[in-house]
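For reference, the structure discussed in these notes is given below.
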Amino acid sequence: MSLTKNWYTIDEAAAKFGVTNQQLQNWIENGVLRTEGGKGKVILLNGDDIEQELNMTPSV
């Protein structure tokens with residue numbers, strides 16, 4: 001069991017990882033982030049997946 005928080009709302013993830021909500025939405029649409037939700041709506045994003053994408057995305 002992890003002792004750190006690993007699932008974030010879109011707003012929490014944007015603030016924590018320094019990315020825009022739109023970038024997170026793009027990653028969700030491309031299927032690269034695991035999500036939890038209900039009734040067709042994304043509620044939580046997996047932080048490990050966000051970190052992985054940030055490490056793979058070249059910085060501008």
Side-chain angles (χ1 to χ4, degrees):
M1 180 169 101
S2 176
L3 298 177
T4 60
K5 183 173 179 178
N6 198 38
W7 290 88
Y8 303 90
T9 66
I10 291 175
D11 290 335
E12 288 173 337
K16 177 172 176 64
F17 295 101
V19 296
T20 64
N21 288 18
Q22 184 59 49
Q23 183 61 58
L24 292 169
Q25 290 291 345
N26 289 343
W27 288 339
I28 293 166
E29 290 170 12
N30 290 331
V32 297
L33 298 183
R34 285 176 283 176
T35 61
E36 292 285 332
K39 298 182 183 178
K41 183 176 180 181
V42 172
I43 297 173
L44 298 174
L45 306 176
N46 184 274
D48 291 338
D49 295 347
I50 297 168
E51 288 179 356
Q52 183 175 351
E53 281 305 302
L54 289 172
N55 290 330
M56 295 178 64
T57 304
S59 48
V60 179

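Predicted model, so just to flag it, every value in this text is computed and none were measured.
Scanning all heavy atoms of the two residues, the minimum distance from W7 to R34 falls at CZ3-O, 3.7 Å. Minimum interatomic distance between V42 and L45 (heavy atoms only, all atoms of both residues): CG1-CD2, 3.6 Å. Residues L24 and A13 share a closest heavy-atom pair of CD1-CB, 3.9 Å.
Side-chain contact check for D11 versus N21: some heavy-atom pair is nearer than 4.5 Å.
Here CD of E36 is found 14.0 Å from OG1 of T9. Values are rounded to the nearest 0.5 Å. Rounding to the nearest 0.5 Å gives a distance of 12.0 Å between CG of N55 and CD1 of I50.
In the hydrophobic clustering of this structure, L44 does not group with W27; members are Ile, Leu, Val, Met, Phe, Trp, Tyr whose side-chain heavy atoms approach within less than 4.5 Å, directly or through other members. By the rule that hydrophobic residues join a cluster once side-chain heavy atoms approach within less than 4.5 Å of another member, L33 and I43 end up as members of separate clusters.
With Q23 contributing its side chain and T20 its backbone, the two residues share no donor-acceptor pair below 3.5 Å. Under a 3.5 Å cut-off, the side chain of N30 and the backbone N or O of V32 do not form any donor-acceptor pair.
Checked by atom type, the side-chain pair Q52/D48 shows no donor-acceptor distance below 3.5 Å.
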